[in-house]
Amino acid sequence: MRPDAGAWFAERTTVAPSLDDVDPGALLRAKRRGRHRVSVVLPARDEEATVGDLVTGLRSHWVQRLPLVDELLVVDSDSTDDTARVARAAGADVVSTADVLPGHGTRPGKGEALWKSLAATTGDLLVFLDADLLGDVTHYVPALLTPLLTDPQTSYVKGCYTRPLRADGVSSPAGGGRVTELTARPLLNALWPELAGVVQPLGGEYAGRRSVLEQVPFVSGYGVEIGLLIDLLDLTGLAGLAQVDLGVRRHTSQSQEALGRMAGQVVSTVLSRAGRGRTDHRLEEAGGLLTQFRHDGMGFVPHSTPVAVDERPPMVTVPEYRALPADVVG
Ligand SMILES: O=c1ccn([C@@H]2O[C@H](COP(=O)(O)OP(=O)(O)O)[C@@H](O)[C@H]2O)c(=O)[nH]1
Ligand SMILES: O=C(O)[C@@H](COP(=O)(O)O)O[C@H]1O[C@H](CO)[C@@H](O)[C@H](O)[C@H]1O
């Protein structure tokens with residue numbers, strides 16, 4: 001990893017406390033001191049199976065028992081199932097993407113839902129969580145907010161976690177984050193090596209200040225996370241970014257074919273950014289080292305592998321080849 005990425009990883013990665021170790025008083029004091037208002041946003045397309053429990057748990061802990069969260073919004077993103085009703089019944093506010101900024105029409109995709117959420121919420125701090133998360137993720141919210149509540153320099157916080165994979169009815173302790181590992185991470189390492197320390201660049205759990213989120217574009221589809229990461233790096237520098245180890249993240253996984261389409265959106269988003277301004281700088285210096293991460297039970301451990309292009313020149317340029325007898329050279 002490049003020294004700046006390595007330093008960022010070492011200095012800007014914190015570990016989320018367990019729910020029992022969260023200090024509610026400190027959280028509320030920090031929130032009040034900063035006169036913050038907190039909005040939690042769940043973009044949801046066809047998540048009736050999971051959104052209810054998720055909203056119930058978040059609302060019970062962070063709205064009813066401890067007033068850490070002021071708004072809990074589910075953005076119904078063209079669902080064809082009962083997502084909206086289930087979310088509302090669990091106590092969330094619910095808007096449909098099409099009903100927000102109707103003068104701007106509506107587009108399909110997760111990023112559209114997240115962009116519209118800025119116009120449908122009032123918090124100066126926003127927390128984004130996927131609506132297909134499985135298991136107890138209650139601690140995600142205070143963990144993602146803490147760097148924003150305690151460090152004015154931090155504007156954007158990414159969650160990171162190990163990602164078990166359940167696909168085709170088979171579960172494995174790792175293997176999730178397929179587009180991250182096979183597309184996003186190699187591309188970011190090649191073109192934005194300063195972001196090589198970000199463990200889960202595509203992760204759907206993150207928090208940010210409205211003051212920066214409203215200044216950057218939102219890619220309408222699945223490119224939204226990588227687009228935000230690159231654009232917020234440009235806006236705030238690495239110093240404005242942080243990440244929190246949230247432990248484990250389980251969610252309902254998509255098919256390889258669906259992830260292929262997601263990867264396509266991620267690639268087009270990266271290329272749209274790589275083509276900006278410093279193209280020659282970025283593309284000419286592309287590649288070299290790929291940093292990946294293992295979890296040793298205590299924390300994430302980076303390990304880097306050279307992936308620079310290694311190639312031979314065209315044979316015709318090799319003098320010894322040109323000196324060979326004509327019947328050999330052809
Ligand atoms: O057009 C879309 C696609 C996805 N999502 C939501 O965005 C989150 C992440 O999407 P998905 O689960 O499809 O991606 P994965 O986590 O499988 O990569 C989930 O809460 C989806 O319901 C959305 O709001 N609109
Ligand atoms: O990280 C990934 O590779 C993809 C796919 O994860 P899985 O292979 O289904 O565990 O999931 C993420 O990517 C999407 C695009 O950025 C995000 O929108 C999702 O929230 C996130 O789960």
Side-chain angles (χ1 to χ4, degrees), residues 40-55 58 73-84 86-87 92 94-98 100 106-117 120 127-134 137 140 144 158-168 170-188 198-206 218-230 246 248-270 292-293:
V40 172
V41 174
L42 282 68
R45 181 184 63 179
D46 295 340
E47 304 295 4
E48 66 178 6
T50 51
V51 72
D53 288 349
L54 201 49
V55 166
L58 295 171
L73 177 71
V74 169
V75 183
D76 180 6
S77 173
D78 310 316
S79 294
T80 58
D81 67 3
D82 244 357
T83 293
V86 170
V94 180
V95 290
S96 74
T97 310
V100 181
T106 187
R107 299 174 186 176
K110 178 185 184 183
E112 173 77 354
L114 296 178
W115 183 69
K116 293 274 184 97
S117 76
V127 181
F128 300 100
L129 303 174
D130 281 0
D132 65 340
L133 295 176
L134 303 171
V137 297
Y140 281 22
L144 290 166
K158 287 292 288 189
C160 60
Y161 18 63
T162 57
R163 298 184 66 172
L165 177 65
R166 178 169 177 76
D168 304 326
V170 177
S171 292
S172 57
R178 290 161 289 176
V179 177
T180 294
E181 299 305 336
L182 299 176
T183 302
R185 194 184 309 289
L187 278 170
L188 284 177
V198 179
V199 178
Q200 291 293 351
L202 299 189
E205 288 66 46
Y206 41 98
F218 276 56
V219 175
S220 299
Y222 283 118
V224 61
E225 276 84 17
I226 204 156
L228 284 173
L229 188 58
I230 293 167
L246 300 173
V248 183
R249 181 212 198 214
R250 291 180 176 81
H251 69 131
T252 52
S253 293
Q254 300 186 65
S255 68
Q256 179 175 283
E257 184 187 324
L259 293 191
R261 290 190 292 272
M262 177 188 290
Q265 294 181 40
V266 167
V267 168
S268 57
T269 302
V270 166
Q292 295 170 300
F293 298 87

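Numbering of ligands and ligand atoms starts at 1, following listing order.
Between G203 and ligand 2, no N or O atom pair is found at a separation short of 3.5 Å. Between P43 and ligand 1, at least one pair of N/O atoms sits closer than 3.5 Å. Between D132 and ligand 1, at least one N/O pair is under 3.5 Å apart. Taking any N or O of H251, backbone or side chain, at least one lies under 3.5 Å from an N or O belonging to ligand 2. Considering backbone and side-chain atoms alike, A131 places an N or O below 3.5 Å from some N or O of ligand 1. Below 3.5 Å of separation, one finds an N or O of H251 facing an N or O of ligand 1.
Listed by atom number, the atoms of ligand 2 under 4.0 Å from Y222 heavy atoms are 15 (C), 16 (O), 18 (O). The atoms of ligand 2 that sit less than 4.0 Å from any heavy atom of L259 are 5 (C), 8 (O), 9 (O). Here is the list of ligand 1 atoms found below 4.0 Å of a heavy atom in E47: 19 (C), 20 (O), 21 (C), 22 (O). The ligand atoms of ligand 2 that sit less than 4.0 angstrom from a heavy atom of M262 are 4 (C), 13 (O), 14 (C), 15 (C). Of all the atoms in ligand 1, the ones that sit under 4.0 Å from a non-hydrogen atom of S77 are 1 (O), 2 (C), 23 (C), 24 (O), 25 (N). Listed by atom number, the atoms of ligand 1 under 4.0 Å from Q254 heavy atoms are 11 (P), 13 (O), 14 (O), 15 (P), 17 (O), 18 (O). Close approach of ligand 2 to G204 is summarised as follows: ligand atoms under 4.0 Å from at least one heavy atom of the residue are 20 (O). Listed by number with element, the atoms of ligand 2 under 4.0 angstrom from any heavy atom of K110 are 17 (C), 18 (O), 19 (C), 20 (O).
For P108, the heavy-atom gap to ligand 1 stays at 4.0 angstrom or more. A heavy-atom separation below 4.0 Å is not found between E112 and ligand 1. Contact annotation: R249 has at least one heavy atom less than 4.0 Å from an atom of ligand 2. Put simply, part of A44 is less than 4.0 Å from ligand 1, judged by heavy atoms.
There is a side-chain donor-acceptor pair under 3.5 Å between D132 and T252. Under the 3.5 Å distance criterion, with hydrogens and angles disregarded, no donor-acceptor pair is assigned to the side chains of H251 and D130.
Nearest to atom 3 (O) of ligand 2 by heavy atom, out of V224, V179, L202, T252, is V179. When the options E225, Q254, Q256, E181 are ranked by their closest heavy atom to atom 16 (O) of ligand 2, first place goes to E225.
At distances below 3.5 Å, at least one donor-acceptor pair connects side-chain atoms of Q200 with backbone N or O atoms of Y161. A donor-acceptor contact shorter than 3.5 Å is absent between the side chain of K110 and the backbone of Y222. Side chain of S268 to backbone of Q265: a donor-acceptor contact under 3.5 angstrom is found. At least one donor-acceptor pair under 3.5 Å links the side chain of T50 to the backbone N or O of A131. Counting only distance, with no hydrogens or angles, the side chain of S96 and the backbone of V75 share no donor-acceptor pair below 3.5 Å. Side chain of S117 to main chain of A120: no donor-acceptor pair is present (N/O by atom type, distance under 3.5 Å, no hydrogens or angles). Using modelled atom types, no side-chain atom of R249 and backbone atom of V137 make a donor-acceptor pair closer than 3.5 Å. One N or O on the side chain of D46 and one on the backbone of T80 form a donor-acceptor pair closer than 3.5 Å.
Summary of contacts: the protein heavy atom closest to atom 7 (P) of ligand 2 is G177 N, 3.4 Å. Nearest to atom 2 (C) of ligand 2 among the protein's heavy atoms is T180 OG1, 3.4 Å. When hydrogens are left out, the protein atom nearest atom 2 (C) of ligand 1 is K110 N, 3.4 Å; that is the closest non-hydrogen contact. With respect to atom 11 (O) of ligand 2, the closest heavy atom belonging to the protein is R163 NH2, 3.3 Å. Of all protein heavy atoms, the one closest to atom 18 (O) of ligand 1 is M262 CE, 3.1 Å. Considering only non-hydrogen protein atoms, atom 20 (O) of ligand 2 sits nearest to D130 OD2, 2.5 Å. Looking at atom 4 (C) of ligand 1, its nearest protein heavy atom turns out to be Y222 OH, 3.6 Å. Atom 9 (C) of ligand 1 has D130 OD2, 3.4 Å as its closest protein atom, hydrogens excluded (heavy atom only). Shortest contact from atom 9 (O) of ligand 2 to any protein heavy atom: R178 NH2, 3.0 Å.
Annotation for T180 and P201: closest pair CG2-CD, 3.8 Å, computed over non-hydrogen atoms.
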*Give the C-alpha distance, both sets of side-chain angles, the deciding distance and a yes or no for salt bridge (charged side-chain N to carboxylate O under 4.0 Å, His left out) between K158 and E205.*
CA-CA 7 Å; K158 287 292 288 189; E205 288 66 46; over 6 Å; no
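Of all the heavy atoms of Q265, none lies under 4.0 Å from any atom of ligand 2, so neither backbone nor side chain is involved.
Screening T83, V86, D81, L133 for a side chain to side chain contact (heavy atoms under 4.5 Å, CB included) with E47, the sole residue that qualifies is T83. In summary, of the residues considered (V95, V41, T106), a side chain to side chain contact (heavy atoms under 4.5 Å, CB included) with K116 occurs for T106 alone.
At a threshold of 4.5 Å between non-hydrogen side-chain atoms, the residues C160 and L246 do not count as touching. Looking only at side-chain heavy atoms (C-beta outward), L42 and L58 come within less than 4.5 Å of each other. With a 4.5 Å cut-off on side-chain heavy atoms, V198 and L188 do not count as touching.
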